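Just so you know, these numbers use all the heavy atoms, side chains as well, and skip hydrogens, waters and symmetry mates. What you see is a predicted model; the values in this text were computed from it and never measured.
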Amino acid sequence: MNLRTPGPTPIPQDILNALSGPMIDHRGPFFRDIYDRVSANLKQLFETQNDVLMLTSSGSGGLEAAVVNTLSPGEPVLAVEIGAFGVRLGRMAETFGADVRWQRVEWGQAATPESVAASLDANPDVTSVLITHNETSTGVTNPIGEIAQVVKQRDRLLIVDAVSSLGSLPCPVDEWGIDVVVTGSQKGWMAPPGLAMVSLSPRAWEAVEKSTMPKFYFDLKQARDYAARSQTPWTPAIPIFYALDASLTQLLDGGLPAIHARHQAAGDRIRAGVKALGLSLFPEDESYASNTVTAIKCPDGFSVADIRKAAADMDVVLAGGQARLSDSIFRIGHLGYMPEEELDEALEVLGKALEQVGFAPAAATA
């Protein structure tokens, strides 16, 4: 099966093999060695001097941890929404009582630093900004480096969902001044779902000390205390640590420039192939098109479900759209482990699937 969803993503065989390691005492020396190695390697890939905490959860659990540990009920925050995951992050804050002010950007577009600056200036009491780096639901990457500048100029806390970007796209956490950044093992990290990774700046830890939102399992102060002992507060997903230990070694062997170049090349390859089939990209400005997932407009008069089923019958799994885009776009994931032959196969099968449902590219683009 050629899995071309933006998460979970395919896993190389040697990393799959690492999952079969023995169960060990998570309070013992062998786990401490793994924890220390994974932590040190993550810091290199995050490009941060801050601790990187690991939580046994999905990426969404890491995002909830970011919210409940830095905010308080009634606290005014700005949520920048460009897609379904931006909505999720803002709703998390609302659920725990934050006073969320929404900046709603048309899905398919990126937020601009100018628009974020204007939203902050219109809401001078806002303390924090919640935003996605790479919005997998729309295939758009926000210019977080530039947005971070205007957020820091206004002395606000910046909380970033980097679940589908870190480990794949440039995101130098310390250089950009991101206060809280969250990612998940099942994306560009070439590991199964089960671990969220969270990094906090010194300024973020100051916010943690003031936060009054309820937390227990996702208490990052506890996580930090246990991390000092190379442990986690609760029983960790040991097999995922095994896999991440193996995958991070591979990623660092190649180096960050090679990782970023590989994802740029994959994005270029898929976008060119999609357009050659007579299809249109969903992002309105291709300069903001994601290099980890390509969102494609479903041709008028055709069904996303039919196209995906035709591809799945040929063992290529495409992702559908989310929320209000479920019937209008489909997506091809290209992050983490993605051999060129598998990307080419996905494009070839997509072409055959389009033929099966009766789509005629030449007629559509004439």
Please report, to 0.1 Å, the donor-acceptor pairs under 3.5 Å made by any side chain of residues 6-16, with sequence neighbours excluded.
unit_1: T9; atom_1: OG1; unit_2: Q186; atom_2: O; d: 3.3
unit_1: T9; atom_1: OG1; unit_2: K187; atom_2: O; d: 2.9
unit_1: Q13; atom_1: NE2; unit_2: N17; atom_2: OD1; d: 2.9
unit_1: D14; atom_1: OD1; unit_2: Q250; atom_2: NE2; d: 3.3
unit_1: D14; atom_1: OD2; unit_2: Q250; atom_2: NE2; d: 2.4

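A donor-acceptor pair shorter than 3.5 Å can be found between the side chains of Q103 and S115. No hydrogens or angles considered: nothing links the side chains of R331 and T294 as a donor-acceptor pair under 3.5 Å. Side-chain contact check for Q322 and S137: no donor-acceptor pair (N or O, by modelled atom type) lies under 3.5 Å. A side-chain N or O of E81 and one of W107 form a donor-acceptor pair less than 3.5 Å apart.
Counting Ile, Leu, Val, Met, Phe, Trp and Tyr side chains that sit under 4.5 Å apart, directly or through other members, L169 stands alone, with no cluster partners.
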R271 vs N291, side-chain hydrogen bond (donor to acceptor under 3.5 Å, both in side chains): CA-CA, chis, key distance, verdict | CA-CA 9 Å; R271 287 189 290 270; N291 283 329; 2.9 Å; yes
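For F31, the ring pair (Phe, Tyr, Trp, His ring centres under 6.0 Å) test picks out F241, with sequence neighbours left out.
For the pair S128 (side chain) and L158 (backbone), a donor-acceptor distance under 3.5 Å is absent. When atom types are taken as modelled, the side chain of T132 and the backbone of E135 share no donor-acceptor pair closer than 3.5 angstrom. Side-chain atoms of Y242 come within 3.5 Å of backbone N or O of P22 as a donor-acceptor pair. The main-chain N or O of L220 is found under 3.5 Å from a side-chain atom of N69 such that the two form a donor-acceptor pair. Listed for the S290 side chain is no donor-acceptor partner under 3.5 Å among the backbone atoms of G139. Checked by atom type and distance alone, the side chain of E75 pairs as donor or acceptor with a backbone atom of S72 at under 3.5 Å.
In summary, of the residues considered (V316, L277, I270), a side-chain contact (heavy atoms from CB on, under 4.5 Å) with L350 occurs for L277 alone.
With a 4.5 Å cut-off on side-chain heavy atoms, T56 and Y217 count as touching. With contacts defined as side-chain heavy-atom distances shorter than 4.5 Å, the pair L347/V274 qualifies. Between P236 and M54 the shortest side-chain heavy-atom distance does not fall below 4.5 Å.
Ring centroid separation for the pair W234 and F218 does not come in under the 6.0 Å cut-off.
The stretch residues 156-165 participates, sequence neighbours left out, in these side-chain hydrogen bond (donor to acceptor under 3.5 Å, both in side chains) pairs: H133-S165, N134-S164. Pairs of residues two or more places apart, or lying in two chains, that qualify as salt bridge (Lys or Arg N to Asp or Glu O under 4.0 Å) and include a residue from residues 164-182 are K152-D179. Applying the salt bridge (Lys or Arg N to Asp or Glu O under 4.0 Å) rule to pairs touching residues 48-67 yields nothing, sequence neighbours excluded.
Salt bridge annotation for K275-E286: present, with a cationic side-chain nitrogen under 4.0 angstrom from a carboxylate oxygen. A salt bridge between D99 and R101 is present, with a side-chain N of the basic residue lying under 4.0 Å from a carboxylate O of the acidic one. E206 has no carboxylate O lying under 4.0 Å from a charged side-chain N of K210, or vice versa, which leaves the two without a salt bridge. Between D313 and K309 there is a salt bridge, with a side-chain nitrogen of the basic residue lying less than 4.0 Å from a carboxylate oxygen of the acidic one.
For the pair R88 and F85, the cation does not sit on the ring face, since its NZ or CZ is not both under 6.0 Å from the ring centre and inside 45° of the axis.
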